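Order of appearance sets the numbers: ligands from 1, and atoms from 1 within every ligand. Quantities reported herein were computed from a predicted structural model and do not represent experimental measurements.
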Amino acid sequence: MQDKVVIFDTTLRDGEQALSASLCVKDKLHIALALERLGVDVIEAGFPVSSPGDFESVQTIAKTLKKSRVCALSRALDKDIDVAAECLKVAEAFRIHTFLSTSTIHVKDKLRLQYDEVIEMGTKAVKRARRYTDDVEFSCEDAGRTPIDNLCRMVEAAIKAGATTVNIPDTVGYTLPCEFGAIIENLFQRVPNIDKAIISVHCHDDLGLSVANSISAIQAGARQVEGTINGIGERAGNCALEEIAMIIKTRENTLKVKTALKHDEIHRTSKTVSQLCNMPIQANKAIVGANAFSHSSGIHQDGMLKNKNTYEIMTPESIGLSQKSLNLTSRSGRAAVKNHMQQMGYSEKEYDLPSLYASFLKLADRKGQVFDYDLEALMFFNNLQEEDDHYKIKYLSVQSGNIMATTSITLQCGAQEISDAAIGNGPVDALYQVIYRITQYDITLDKFDLTAKGEGENGLGQADIIARYKGRKYHGTGISTDIIEASGQALLHVINSIYRAEQISKIKKKTSLKKEK
Ligand code: KIV
Ligand code: ZN
């Protein structure tokens, strides 16, 4: 049996479907590129038939990636499979992933089918997908609760029909590691053609066992693990791939398997996903939590000073976490900024140096010293902004205290400048009232979060909002030394996205009218 475990990432599909506001194409591509750099073998980029937006982002990712294989999900339906194939055909290498429920409760109450019909439908779907590619994955949804005889029949039939990977999901996160390992063992003992496919696992974390279950499955012979970065996903999430990666690396001698991942990209990939998905990481999270490598007890610190191996089973450097904190001032030139970005592992492809440098200078003037985490935050923020943003803050002044707050603002609205002021029960309320009034958008604010990026008084304020407009949810982010300005930027981020979408749909309408004439 091969010793390589294939890493299948579903951050952009199973992970993304659980976010409160969906990601735009640009953010999805940014994450896909980070996953490719991490060395992920297969990237499940989305579910193309589910929406035109999903189709567009899967296709953009399929066109761009050169090393990772791009995969798209489809139900076991002809239409889904055909749309997935149409979307993926631009890729250098692609996989179609089709799935069907196999547990008794799903088959009886959700699909309302007999088990023979499920086998027939699954087989038909695999055969149809094989018309387009020789890389087809079939998933037995809710396999963790499927009677083993039925599961064996389905796996054998899917392989016979041409599936090259068969995935065994613990969809509801119910099984125990010993039970899940036994399912995989049983499949290896009882399915006669099992050697013709890779057996994959896909575990959810409802009982906090997704990683343990996946490791148990690897020990029983599974050679593909599916999961997401930081474990984001439905309900309690999916199996956290950074944990799988570091378990396999740290316990290689026992597990006797390996992955093709570049472990020193883990920290950066995790940060990118957390930032763009607006999903903060708990401080004590294994591998990527802020405290994962910090030792607080005096006894531990003493041991670490004498010999790091006393309390450290892996180094922070192994996941790409740099211990150094660099700093720059307004006298630092472009080359110094580029150099620091390089030292943090960012290539110039990932950011626009002139606009990063312009933001750096503004920040350096306000803050004096600019640290590596500031540069990173500026890079994320600059990547979120578009050159053609219609609305921009030109001038902002706030008065607040134990009185009603007043905000005065001048907004650049395309070629026009509009000034106005409003009062509110706090400075952010006053600011949002005046922005709503100027831009005339009827927006509902669902969520507002403020976090400090960086250390102590030196940090930057980051505002993240979830706002609703005409039934759709948007995520907006702003970063500044001033938290009120950051809050305003977050709202304008949302408004600019809405404005841009409206302009695009106006243009589309005009062109279709012209065609009709
Ligand atoms: O959890 C699950 O069963 C899934 C399948 C679509 C693979 O996400
Ligand atoms: Zn899932």
Side-chain angles (χ1 to χ4, degrees), residues 6-19 40-51 54 58 69-77 80-81 83-84 95-107 109-111 118 121-122 125-126 129 135-146 150-151 154-155 158 163-175 179-180 183-184 187 197-211 213-214 217 222 224-241 243-244 273 277 279:
V6 175
I7 296 296
F8 178 108
D9 180 281
T10 183
T11 303
L12 293 170
R13 200 277 298 166
D14 222 350
E16 205 262 355
Q17 77 195 34
L19 301 180
V40 165
D41 299 289
V42 186
I43 296 175
E44 186 165 57
F47 188 4
V49 83
S50 66
S51 71
D54 231 44
V58 176
R69 192 169 281 259
V70 184
C71 171
L73 185 70
S74 60
R75 288 165 297 182
L77 300 174
D80 283 35
I81 295 165
V83 170
R95 171 180 295 185
I96 295 179
H97 177 193
T98 184
F99 75 101
L100 189 59
S101 291
T102 54
S103 66
T104 310
I105 180 168
H106 279 219
V107 170
D109 295 344
K110 191 178 94 171
L111 302 176
V118 169
M121 200 173 157
V126 171
D135 188 347
V136 173
E137 173 167 336
F138 179 77
S139 281
C140 310
E141 193 187 4
D142 205 15
R145 293 190 299 171
T146 300
N150 284 353
L151 192 62
M154 185 69 252
V155 171
T164 42
T165 300
V166 179
N167 185 34
I168 309 298
D170 183 17
T171 303
V172 290
Y174 176 74
T175 60
E179 292 167 345
F180 198 61
I183 293 174
I184 305 298
L187 291 175
I198 286 185
I199 296 303
S200 164
V201 289
H202 173 117
C203 299
H204 279 268
D205 210 34
D206 299 69
L207 294 173
L209 291 171
S210 60
V211 172
N213 283 344
S214 304
Q224 175 174 287
V225 173
E226 301 194 357
T228 59
I229 299 298
N230 304 334
I232 67 166
E234 283 289 346
R235 309 178 307 278
N238 287 57
C239 169
L241 285 181
E243 295 181 25
I244 294 292
V273 169
C277 295
M279 290 287 270

Starting from atom 7 (C) of ligand 1, find the nearest protein heavy-atom neighbour and note its residue, name and distance. S139 OG, 3.7 Å
Are any of the N/O atoms in N167 less than 3.5 Å from those in ligand 1? no
Result of checking E234, R145, H204 against V172 for side-chain contact (heavy atoms from CB on, under 4.5 Å): R145
Which residue and heavy atom of the protein sit nearest atom 5 (C) of ligand 1, plus the separation: R13 NH2, 4.0 Å
Check the side chains of N167 and S200 for a donor-acceptor pair under 3.5 angstrom, ignoring hydrogens and angles. yes
Which one holds for H106 and ligand 1: side chain close, backbone close, both close, or neither close, with close meaning a heavy atom under 4.0 Å? neither
Polar contact flag for D142 and ligand 1 (N/O pairs, less than 3.5 Å): no
Between N213 and A217, is there a donor-acceptor pair closer than 3.5 Å when you use the side chain of the first and the backbone of the second? no
Looking only at distance, does H97 have an N or O less than 3.5 Å from an N or O of ligand 1? no
Residue E141 vicinity, atoms of ligand 1 by number, heavy atom under 4.0 Å: 3 (O)
Sole residue of N230, D14, T228 in side chain to side chain donor-acceptor pair (under 3.5 Å) with N238: D14
Looking only at distance, does H202 have an N or O less than 3.5 Å from an N or O of ligand 1? yes
Kindly confirm or rule out an N or O of H204 lying under 3.5 angstrom from an N or O of ligand 1. yes
Can you sort out which atoms of ligand 1 are near P169, meaning under 4.0 Å from one of its heavy atoms? 3 (O)
All heavy atoms of A222 vs all of I184, minimum pair found to be N-CG2, 3.9 Å
If we ignore hydrogens and angles and just use 3.5 Å, is the side chain of T11 paired with the main-chain N or O of I229 as donor and acceptor? yes
Note, T165 side chain near R95 side chain (heavy atom, < 4.5 Å): yes
Basic-acidic side-chain contact under 4.0 Å: E226, R13: no
Nearest non-hydrogen contact with atom 3 (O) of ligand 1 belongs to which option: T102, T171, T98, N238? T171
By atom name, which N, O or S atom of D14 is the nearest to the Zn ion (ligand 2)? OD2
